[in-house]
Enquirer: 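Dropping a structure here in structure tokens format, bear with me for questions.
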Amino acid sequence: MTHRTTSRTPLLTAFALLFLHTPRLFAQPTPAATAAFNTYTQSVESRLAQQHHSSTNFLSVSSDPQTLTRLRSGEIILENLIPTHAETSGALLHHWRGTAFAPGATAADFERLLTNFNAYPKNFSPEVLQANLISQQNGHTFASMRVRQRHVITVLMDTAYDITFGRLDANHGYSISQSTRISELDPKTNLALSPSEEHGFLWRLNTYWSYEERDGGLYLQIESVSLTRAIPTGLGWAIRPYVESIPRESLDFTLRSAVNAIQKGSR
């Protein structure tokens, strides 16, 4: 197993670098790709709004006892909600959902974690390098983050979000985070790349948290919908598994980090 992983690393690196230097059809998403993303996220938010009005269906979690046992034993369940390749106008749409359980945690514990942006670099290290609250107005929270992701290659980005928080009751809450700016930086110099230099690793990112306190702990569920550059023609067989693993791994990291941070903070 170890030999197989090691032998694949140079190959993945070569494919990642090939993707990095392949000519980009679109430095930024086309209007059609942006419209498709907006239409898709509106449908997601409409469905979540219905869920968040009902305590019995607040989360998209199977009531099967085996599933609940897996969660309460510490397993994280990840689902790809777009199993087929959703490609449109030079862009790829990704939608993943992750669910976890934090024993002994409360909804209030998680709300403190979500709103304490100054602690994000500690709670979500090493991906989040900086996080700042920009302003709060009319029920919206505006925040910025500098994030670094390492998936064979290193990607550094400055991001900004429009976030809303809501509650059904004391045991049920949610947040909606919509990206308003994503800028790629040179990981060696930390300088911003021009729009024509960016690689399209991430164009849009909406994140939806839902959480429910019961069974002696807190069920956490996160959905992420992202828009990235499409895979160059002829390289899908090599690069697609790498590109599609990034949102999954990022979601897994975020969920695990949240569970760890909330349990440490609640002790």
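Model, not experiment: these values are computed from the prediction.
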Enquirer: Shortest non-hydrogen contact from Ala33 to Leu227?
Expert: O-CD2, 4.0 Å
Enquirer: Are Leu205 and Phe201 co-members of a hydrophobic cluster defined by side-chain heavy atoms under 4.5 Å apart?
Expert: yes
Enquirer: Which heavy-atom pair separates Ile163 from Ser177 by the least distance, and what is that distance?
Expert: CG1-OG, 3.8 Å
Enquirer: Let me confirm one number: the CG-CE distance from Leu185 to Met157, rounded to the nearest 0.5 Å.
Expert: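 Between atom CG of Leu185 and atom CE of Met157 there are 9.0 Å.
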Enquirer: Is any side-chain heavy atom of Arg248 less than 4.5 Å from a side-chain heavy atom of Leu78?
Expert: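 A side-chain contact exists here, since the closest heavy-atom pair is under 4.5 Å.
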Enquirer: Evaluate the side-chain proximity of Leu129 to Pro121: yes if any heavy-atom separation is below 4.5 Å, no if none is.
Expert: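 No. Closest side-chain heavy atoms not under 4.5 Å.
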Enquirer: Under the ring-ring contact (aromatic ring centres under 6.0 Å, His included) test against Trp209, which residue among Phe110, Tyr219, Phe165 passes?
Expert: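 In the set Phe110, Tyr219, Phe165, the residue that makes a ring-ring contact (aromatic ring centres under 6.0 Å, His included) with Trp209 is Phe110.
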Enquirer: Provide the closest heavy-atom pair for Leu71 versus Thr99 in the form atom of the first, atom of the second, distance.
Expert: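 So the two residues come closest at CD2-O, 3.4 Å.
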Enquirer: What's the separation between atom CD1 in Ile262 and atom OG in Ser257, rounded to the nearest 0.5 Å?
Expert: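 Spacing of CD1 (Ile262) from OG (Ser257) equals 12.5 Å.
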Enquirer: Hey, what's the ring geometry for His140 with Phe142, parallel, tilted or perpendicular (30° and 60° as the breaks)?
Expert: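 The rings of His140 and Phe142 lie parallel, inter-plane angle below 30°.
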Enquirer: For the residue pair Ser226 / Ser224, report whether a side-chain donor-acceptor contact shorter than 3.5 Å exists.
Expert: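 No, no side-chain donor-acceptor pair sits under 3.5 Å.
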Enquirer: List the steps and the verdict of side chain to side chain contact (heavy atoms under 4.5 Å, CB included) for Arg47 and Ser60.
Expert: CA-CA 10 Å; Arg47 186 253 301 165; Ser60 294; 3.9 Å; yes
Enquirer: Is the backbone of Glu111 close enough, under 3.5 Å, to the side chain of Thr115 for a donor and an acceptor to pair up by distance?
Expert: yes
Enquirer: Can a donor-acceptor pair be found between the side chains of Gln51 and Gln221 at a distance below 3.5 Å?
Expert: no
Enquirer: Sequence neighbours left out, cut at 3.5 Å: what donor-acceptor pairs do the side chains of residues 34-41 make with other protein atoms?
Expert:
unit_1, atom_1, unit_2, atom_2, d
Thr34, OG1, Thr30, O, 3.2
Asn38, ND2, Thr34, O, 3.3
Thr39, OG1, Ala35, O, 3.0
Tyr40, OH, His95, ND1, 2.7
Thr41, OG1, Phe37, O, 3.0
Thr41, OG1, Asn38, O, 3.1

Enquirer: For Arg256, which of Asp252, Thr254, Asn260 qualifies under side chain to side chain donor-acceptor pair (under 3.5 Å)?
Expert: Asp252
Enquirer: Search all heavy atoms of Tyr120 against all heavy atoms of Asn116 and return the closest pair with its distance.
Expert: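 What the structure gives for the nearest pair is CD1-O, 3.2 Å.
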Enquirer: Transitively linked via ILVMFWY side-chain contacts under 4.5 Å: Tyr211 with Phe124?
Expert: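 Yes, because Tyr211 and Phe124 connect within a single hydrophobic cluster, where side-chain heavy atoms sit under 4.5 Å apart.
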Enquirer: Would you check if the side chain of Glu213 reaches a backbone N or O of Ala107 as a donor-acceptor pair within less than 3.5 Å?
Expert: yes
Enquirer: Work out which heavy atom in Asp109 is nearest to a heavy atom in Gly104; give both atom names and the distance.
Expert: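 Distance-wise, the nearest heavy atoms are OD2-O, 4.4 Å.
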Enquirer: Do other residues, nucleotides or ligands put more than 12 heavy atoms under 6.0 Å from the CZ atom of Arg146?
Expert: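 Counting neighbours around CZ of Arg146, more than 12 heavy atoms of other residues, nucleotides or ligands fall under 6.0 Å, so yes.
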Enquirer: According to a 4.5 Å side-chain heavy-atom criterion applied to Ile, Leu, Val, Met, Phe, Trp and Tyr, with indirect links allowed, do Leu114 and Leu133 form part of one hydrophobic cluster?
Expert: yes
Enquirer: Got a sec, which residues hit salt bridge (Lys or Arg N to Asp or Glu O under 4.0 Å) with Asp186, two or more places apart in sequence or on another chain?
Expert: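 Asp186 satisfies salt bridge (Lys or Arg N to Asp or Glu O under 4.0 Å) with no residue once adjacent residues are dropped.
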Enquirer: Within the structure provided, determine whether Glu223 and Leu48 are in side-chain contact (heavy-atom separation under 4.5 Å).
Expert: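 Yes, side chains in contact.
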Enquirer: Establish whether Leu168 and Leu59 are linked, either directly or via other cluster members, by ILVMFWY side-chain heavy-atom contacts under 4.5 Å.
Expert: yes
Enquirer: For Leu92 versus Arg229, what's the shortest heavy-atom pair and its separation?
Expert: CD1-O, 4.0 Å
Enquirer: Quick one: pull up OG1 in Thr67 and CZ in Arg72 and give me the separation to the nearest 0.5 Å.
Expert: 10.5 Å
Enquirer: Would you check if Glu45 and Asn206 make a side-chain contact, meaning some heavy-atom pair closer than 4.5 Å?
Expert: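 Contact flag for Glu45/Asn206 side chains = yes.
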Enquirer: Step by step, would you call Leu251 with Leu255 a side chain to side chain contact (heavy atoms under 4.5 Å, CB included)?
Expert: CA-CA 6 Å; Leu251 193 69; Leu255 197 51; 5.7 Å; no
Enquirer: What's the separation between atom OG1 in Thr141 and atom CG in Asn138, rounded to the nearest 0.5 Å?
Expert: 11.0 Å
Enquirer: Which residues pass the side chain to side chain donor-acceptor pair (under 3.5 Å) test with Glu127, not counting sequence neighbours?
Expert: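 Side chain to side chain donor-acceptor pair (under 3.5 Å) check on Glu127 returns nothing, list empty.
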Enquirer: What residues form a side chain to side chain donor-acceptor pair (under 3.5 Å) with Arg181, not counting sequence neighbours?
Expert: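 Checked Arg181 against side chain to side chain donor-acceptor pair (under 3.5 Å); zero matches.
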Enquirer: For Trp96, enumerate each residue passing the ring-ring contact (aromatic ring centres under 6.0 Å, His included) test, keeping only those at least two apart in sequence or located in another chain.
Expert: none
Enquirer: How far does CH2 of Trp203 sit from CG of Leu93, to the nearest 0.5 angstrom?
Expert: 12.0 Å
Enquirer: Please lay out, stage by stage, how Ile222 and Thr207 fare under the test side chain to side chain contact (heavy atoms under 4.5 Å, CB included).
Expert: CA-CA 7 Å; Ile222 180 175; Thr207 303; 3.4 Å; yes
Enquirer: When hydrophobic residues are tied together by side-chain contacts of less than 4.5 Å, even through go-betweens, does Leu156 share a cluster with Ile182?
Expert: no
Enquirer: Per the ring-ring contact (aromatic ring centres under 6.0 Å, His included) rule, what does the pair list look like for residues 169-197, sequence neighbours excluded?
Expert: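 Found His52-Tyr174, Phe58-His172.
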Enquirer: With rounding to the nearest 0.5 Å, note down the distance linking CZ in Arg214 to CG in Asn171.
Expert: 10.5 Å
